[in-house]
There are 4 protein chains.
Amino acid sequence: MSPEAHKRGRPRCEHTRANILAATEALLDEGGPGAASMDAIAHRAGVSKATVYRWWPSRGWVVLESLVELMERESAFVDTGSLAGDLRSQVRALARILRTSSGSSIAAIIAEMQTDPEIGQAFREAFLARRRRSAKEMLARAEARGELRPGLDPELVLDLLYAPLYLRLLLKHQPIDEAFVEQSLRLVLSGLQPD
Amino acid sequence: MSPEAHKRGRPRCEHTRANILAATEALLDEGGPGAASMDAIAHRAGVSKATVYRWWPSRGWVVLESLVELMERESAFVDTGSLAGDLRSQVRALARILRTSSGSSIAAIIAEMQTDPEIGQAFREAFLARRRRSAKEMLARAEARGELRPGLDPELVLDLLYAPLYLRLLLKHQPIDEAFVEQSLRLVLSGLQPD
Amino acid sequence: MSPEAHKRGRPRCEHTRANILAATEALLDEGGPGAASMDAIAHRAGVSKATVYRWWPSRGWVVLESLVELMERESAFVDTGSLAGDLRSQVRALARILRTSSGSSIAAIIAEMQTDPEIGQAFREAFLARRRRSAKEMLARAEARGELRPGLDPELVLDLLYAPLYLRLLLKHQPIDEAFVEQSLRLVLSGLQPD
Amino acid sequence: MSPEAHKRGRPRCEHTRANILAATEALLDEGGPGAASMDAIAHRAGVSKATVYRWWPSRGWVVLESLVELMERESAFVDTGSLAGDLRSQVRALARILRTSSGSSIAAIIAEMQTDPEIGQAFREAFLARRRRSAKEMLARAEARGELRPGLDPELVLDLLYAPLYLRLLLKHQPIDEAFVEQSLRLVLSGLQPD
DNA sequence: AGCTAAGCGAGACGGTACGTCTCGTCTTGAG
DNA sequence: CTCAAGACGAGACGTACCGTCTCGCTTAGCT
């Protein structure tokens with residue numbers, strides 16, 4: 001982790017790490033969570049399984065990291081000036097991502113969490129917490145400006161905003177289309193107004 | 001399904017079916033989703049694997065059906081007279097269930113859906129659709145009584161109400177406690193009022 | 001077994017017995033021993049498995065009986081007047097049978113014997129002993145006429161004559177062709193002569 | 001097979017191979033062919049089933065190879081100086097083996113051949129052909145020395161010598177005792193003499 | 001320049017679940 | 001009492017994936 005990590009021996013080949021994550025992403029994209037077995041990942045990356053296990057403790061972690069990389073490429077926080085605008089922009093951005101194959105990867109990770117609690121911990125820290133931190137700051141500023149009914153738990157607010165998207169991602173009972181996102185946003189935002 | 005189902009051959013032993021589902025439920029309860037392997041289920045039910053596979057196409061389906069049975073036992077739709085009361089009662093009932101080990105089973109099924117699309121289909125039909133059907137009727141009646149803002153998509157309403165619970169079930173980033181359920185309900189219900 | 005066998009209830013359908021044996025023969029013929037499973041036999045005969053098990057104690061017995069029936073249709077003892085002629089005729093007859101699909105059935109039974117000793121017993125009694133009885137009488141008459149070196153164990157003589165055929169039936173390392181039968185006969189017969 | 005067999009990857013553990021064959025032999029010895037199931041073999045050898053299947057394509061092949069190993073340990077070609085002596089020694093050696101539990105294993109393999117033609121091919125190559133090769137050379141030398149009637153097919157000769165033993169092994173209608181081996185040998189050898 | 005520690009590809013290995021198959025028994029209702 | 005249909009318990013089969021391991025080779029930085 002520290003910058004001067006290794007002292008002796010052959011240094012880690014960064015190329016390999018990238019290959020593995022790319023292979024994982026591709027497999028998830030093509031065949032869903034079931035296709036991204038360790039053997040498949042290693043074979044696709046032209047890498048031995050031992051190498052994968054040298055850097056990640058289990059399958060779930062590889063999938064998780066491939067996801068985190070992907071999300072960092074995709075997501076961007078914008079500042080529109082108003083709470084409603086900021087939240088709308090963020091929720092729409094997430095919806096956009098969930099509609100692509102990255103959505104399947106996120107679904108895959110959430111599935112994996114149900115089996116492996118360590119993955120759960122890692123997902124919450126590396127994925128959720130990071131994204132929520134800035135969102136919470138945004139809410140705090142909005143509350144200070146009087147745009148938000150005071151006393152609301154920010155975790156609750158974020159759950160209300162994001163949960164419907166995740167639910168449709170995971171259950172696939174309805175599409176995550178524009179109309180749904182829009183109506184959902186309107187209803188929740190109306191409940192957040194002061195007075 | 002039809003009352004006059006079989007004509008010839010030895011009729012299916014209902015006892016066996018019940019045993020299998022009971023064994024599945026017990027294993028899920030005791031050891032979580034990982035413990036409910038087909039061998040374990042069959043052994044615990046005093047049944048051969050072939051018998052299990054005669055009636056369910058795969059492990060996931062057995063777990064799903066055991067879950068549906070359980071939900072039918074647990075959940076009861078009550079009529080409180082008002083829309084808010086009815087919804088509150090239902091959401092609380094679901095929260096209560098999700099907090100128990102049945103919650104883990106539901107999470108396990110949702111995880112399984114991500115891999116096996118057939119399970120997904122079955123879950124939506126046997127679990128979701130059934131539960132949502134009566135909820136939608138309730139919403140229709142409330143709209144007719146003028147308790148609900150007209151023109152709302154009932155699927156959207158149900159997603160907003162239930163999704164936060166499922167999100168916390170699956171991500172475990174926060175508990176599904178009373179306060180959360182209460183606040184969440186209040187916020188969403190306030191958005192559903194007419195005017 | 002007795003002619004006036006049944007007194008009460010529905011009488012046994014002889015048709016059924018014949019169907020089962022015919023189905024067995026056909027399956028052995030088409031797919032070898034592996035194809036003649038009990039389910040396959042019953043299904044092909046248009047009969048339930050229980051019916052098969054009512055009349056034969058196990059798979060092997062059905063196969064055995066189908067074979068015995070078949071052999072009774074095929075084999076005929078002829079009297080050529082000389083020992084050499086009689087033996088030659090019999091060995092050739094057996095070779096002819098072993099070359100057809102009945103050979104596979106015999107091979108199938110012999111295979112079955114290795115697992116189920118009761119089948120072995122039955123095979124020896126119903127198949128071998130019956131055939132050997134008349135052969136032994138023939139050898140006794142020949143010995144009395146002075147055509148056969150005295151003091152030979154008839155079992156030994158029959159083994160020497162038939163064993164090479166069975167060996168090639170079972171191991172398939174060489175064909176059971178005319179030349180082989182002829183040379184084999186000549187060599188053994190020369191060893192049986194008196195003086 | 002080649003001395004510089006593997007180049008890459010973890011080399012095969014010879015220990016494992018030996019363990020598996022030993023376990024197979026022991027199980028065959030103790031409980032007969034039925035006891036040597038793949039699960040039993042793997043468990044007894046302290047090995048996973050996957051490992052067994054990595055090196056042998058099916059149950060039959062494992063049994064076959066364990067048998068070949070055993071035969072190679074047991075059988076020794078001796079040179080007695082005369083054809084009669086050599087053949088006698090070999091036939092007696094085979095008789096000795098067939099009387100032990102290895103005989104049952106050989107019988108089991110021959111049974112398995114009737115179902116699985118690949119096993120048949122393997123048996124003929126790995127077991128029969130190997131043993132017959134040296135026997136044929138011996139016959140050729142004897143023919144050159146004038147001890148053997150010229151023009152005899154060596155396959156035929158070997159069939160005549162060995163077949164009676166195999167027949168009694170498989171049919172169990174008579175024991176493979178000393179007297180039988182002796183008389184059988186005398187009769188066949190007398191037929192092989194020149195003139 | 002050599003030494004040595006680590007990275008790496010290949011793939012064997014133990015473990016465990018999967019879903020399929022066949023056997024022989026049992027249970028209906030019709031005939 | 002027989003039969004067709006077919007459910008059932010038992011248990012072997014062969015496959016797949018997991019995570020660990022052991023080889024021999026390669027690639028640095030340290031001495």
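Below, chains carry the letters A, B, ... as their sequence lines are ordered, and counting in each starts from 1. Given the structure is predicted, the values throughout are model-derived calculations rather than measurements.
The residue B/A50 sits close to a base: some heavy atom pair falls under 4.0 Å. Heavy atoms of D/W55 sit under 4.0 angstrom from primed sugar atoms or phosphate atoms, though from no base atom. Among the protein residues, C/R54 comes within range of the nucleic acid bases, having at least one heavy atom under 4.0 Å from a base atom.
A donor N or O paired with an acceptor N or O is not found under 3.5 Å between the base of E/dG9 and the side-chain atoms of A/K49. Evaluation of atom-type donor-acceptor distances gives a pair under 3.5 Å for the side chain of B/R10 against the base of E/dC26.
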Margin query: For a side chain to side chain contact (heavy atoms under 4.5 Å, CB included) check, start with the C-alpha distance between B/R124 and B/M113, then their side-chain angles and the critical distance, and finish with the verdict.
Written below: CA-CA 10 Å; B/R124 286 187 291 274; B/M113 287 174 59; 3.7 Å; yes
After noting the C-alpha distance and the side-chain angles of B/E30 and B/R44, does the key distance pass the side chain to side chain contact (heavy atoms under 4.5 Å, CB included) rule?
CA-CA 12 Å; B/E30 290 164 19; B/R44 170 93 162 225; 2.7 Å; yes
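Between E/dG9 and A/T51, a contact under 4.0 Å exists linking OP1 or OP2 to a side-chain N or O. Taking 4.0 angstrom as the limit, B/T16 places a side-chain polar atom (N or O) nearer than this to OP1 or OP2 of F/dC8.
Where C/M38 and B/R59 each meet DNA chain E at their nearest nucleotide, the meeting point lying more 5' is that of B/R59. Looking at which nucleotide of DNA chain E each of D/V47 and A/V47 is closest to, the 5′-most match is held by A/V47. Residues A/G60 and C/G46 each lie close to DNA chain F; by heavy-atom proximity, the contact nearer the 5' end of the strand is made by C/G46.
Separating the CD atom of B/E14 from the P atom of F/dA7 is a distance of 12 Å, rounded to the nearest angstrom. Computed from coordinates, the D/I119 CD1 to F/dC13 P distance equals 12 Å when rounded to whole Å. At whole-Å resolution of the value, CZ in A/R17 and C1' in E/dC8 are 17 Å apart. Summarising the geometry, the separation between CZ on D/R12 and C1' on E/dA10 is reported as 17 Å, rounded to the nearest angstrom. Between the CG atom of B/L27 and the P atom of E/dA17 there is a distance of 11 Å, rounded to whole Å. In this structure, B/D39 places its CG atom 13 Å from P of F/dA10, rounding to the nearest Å. Atoms CG (C/D116) and C1' (E/dG24) sit 12 Å apart, rounded to a whole Å. Rounded to whole Å, atom P of F/dC13 lies 9 Å from atom CD of D/E112.
Of the candidate nucleotides F/dC18, E/dT25, E/dG19, E/dT25 has the atom lying nearest to any side-chain atom of C/Y53. The nucleotide whose nearest atom lies closest to any side-chain atom of A/S48 is, among F/dA12, E/dG9, F/dG19, E/dG9.
Cation-pi check for C/R17 over C/W55 is not met; the charged atom does not lie both under 6.0 angstrom from the ring centroid and within 45 degrees of its normal.
Between B/F123 and B/E112, every side-chain heavy-atom pair lies at or beyond the 4.5 Å cut-off.
When only modelled atom types and interatomic distance are considered, A/S101 and A/S104 share no side-chain donor-acceptor pair under 3.5 Å.
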